[in-house]
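Lettering of chains follows the sequences in order, A, B, ..., and the numbering in each one begins at 1. As a basis for the values below, the full set of heavy atoms in this structure was taken, side chains included, without hydrogen atoms, waters or symmetry mates.
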There are 2 protein chains.
Amino acid sequence: MQRQSYTCGLDAAIDVMGGKRKGLILFWLGEGPLRFGELRRTVTGISERMLTLQLRELEASGLVHREVHHQVPPKVEYSLTEFGHSLIEVLGPLGQWGEENMERLEASREARGPAGVSGSAAP
Amino acid sequence: MQRQSYTCGLDAAIDVMGGKRKGLILFWLGEGPLRFGELRRTVTGISERMLTLQLRELEASGLVHREVHHQVPPKVEYSLTEFGHSLIEVLGPLGQWGEENMERLEASREARGPAGVSGSAAP
DNA sequence: CGGAATCCGCGCGGATACTG
DNA sequence: CAGTATCCGCGCGGATTCCG
């Protein structure tokens with residue numbers, strides 16, 4: 001079974017930008033083009049590997065453009081496509097909502113992900 | 001290390017509703033209160049277990065309200081809180097964006113997730 | 001009907017090392 | 001600098017079973 005099509009627009013949208021850090025990448029690229037290393041430093045808490053993979057997916061989705069400058073040292077710039085810009089436009093209100101309610105969200109986050117539950121790993 | 005706070009509002013927002021099907025649940029609850037079984041049938045492609053877990057997280061986030069009616073047969077109704085309503089409000093444009101570009105998104109989805117790569121797992 | 005519990009596979013994602 | 005490749009843990013999430 002190939003997992004039927006999207007059930008609604010929200011499903012599709014979340015699927016394309018809901019990845020762990022894709023939203024963040026899109027957000028920062030919305031501010032302007034960034035090089036790979038700049039992204040790595042800007043989007044904190046992401047490994048090189050993940051950054052590459054996420055970028056490739058965003059590129060495959062047509063949201064991000066990858067500009068390679070063949071030179072030494074190598075330089076690769078990532079930027080939003082028109083499609084990508086259309087997305088962050090509707091992402092704006094969401095980000096603002098998150099900002100306005102950040103305290104509340106952070107507080108409840110601990111309830112959802114106790115993080116250090118672990119402990120008793122008695123076999 | 002406890003994974004520092006959210007880096008921006010978008011980060012927080014996606015974290016709270018970016019789960020596999022949380023957006024869908026929120027979306028359908030936005031249409032009105034639903035019972036557990038109704039949600040299970042409405043949000044297609046989700047297991048009982050996941051539906052329960054996702055609902056608990058949404059509840060812990062203060063987005064969803066869980067109303068238990070102690071009776072036989074049991075009846076539990078889920079609905080959006082005020083907070084939840086404020087979220088789906090900004091989620092509206094995102095869902096619309098996804099709907100408008102669904103074909104494009106579905107097409108590029110295959111490039112990102114070949115889905116049936118292996119499959120044939122002859123036991 | 002609405003869950004909670006258990007088992008378990010598998011793929012996400014981190015760390016590291018190597019290349020052009 | 002900008003990746004790619006490999007290893008590997010662990011937690012997400014599906015299937016099944018039992019309970020109130």
Quiz item: Which nucleotide sits closest to the side chain of B:Lys20: D:dT4, C:dG3, D:dG13?
Solution: D:dG13
Quiz item: Yes or no on ring-ring contact (aromatic ring centres under 6.0 Å, His included) for B:Phe83 and A:Trp97, after CA distance, side-chain angles and deciding distance?
Solution: CA-CA 10 Å; B:Phe83 194 34; A:Trp97 179 90; 5.2 Å; yes
Quiz item: Just how far, in rounded Å, is P of D:dG3 from CZ of A:Phe36?
Solution: 5 Å
Quiz item: For B:Arg41 and B:Thr44, which heavy atoms make the closest approach, and how far apart are they?
Solution: O-CG2, 3.7 Å
Self-check item: Separation of atom CG in A:Leu51 from atom C1' in C:dA15, rounded to whole Å
Solution: 15 Å
Practice problem: Starting at atom CD of B:Glu48, determine the distance to atom P of D:dT17, rounded to an integer number of angstrom. | Solution: 13 Å
Exercise. Would you kindly compare B:Met50 and A:Gly37 by the position of their nearest DNA chain D nucleotide and give the one closer to the 5′ end?
Key: A:Gly37
Practice problem: Round to the nearest Å and state the distance from B:Arg49 atom CZ to C:dG9 atom C1'. | Solution: 13 Å
Practice problem: Calculate the interatomic distance between A:His69 atom NE2 and D:dA2 atom P; express it in whole Å. | Solution: 10 Å
Quiz prompt | Side chain of A:Val76 (C-beta onward), nearest among D:dT4, C:dG3, D:dA2 | solution = D:dA2
Exercise. Verify the contact: side-chain N or O of A:Arg66 to OP1 or OP2 of D:dG3, cut-off strictly under 4.0 Å; return yes or no.
Key: yes
Exercise. Give a yes-or-no answer on whether the side chains of B:His65 and B:Glu67 include a donor-acceptor pair shorter than 3.5 Å.
Key: yes
Exercise. Using whole Å, report how far CZ of B:Arg56 lies from C1' of D:dC12.
Key: 18 Å
Self-check item: Atom-to-atom span, CZ of A:Arg21 to C1' of C:dG13 - whole angstrom
Solution: 11 Å
Exercise. For A:Pro74 and for A:Leu53, find the nucleotide of DNA chain C with the closest heavy atom, then tell me which residue's nucleotide is more 5'.
Key: A:Leu53
Self-check item: For atom NZ of A:Lys22 and atom C1' of C:dG13, their distance in whole Å
Solution: 13 Å
Quiz prompt | Nearest-0.5 Å distance that lies between atom CG in B:Leu80 and atom CG in B:Leu29 | solution = 5.0 Å
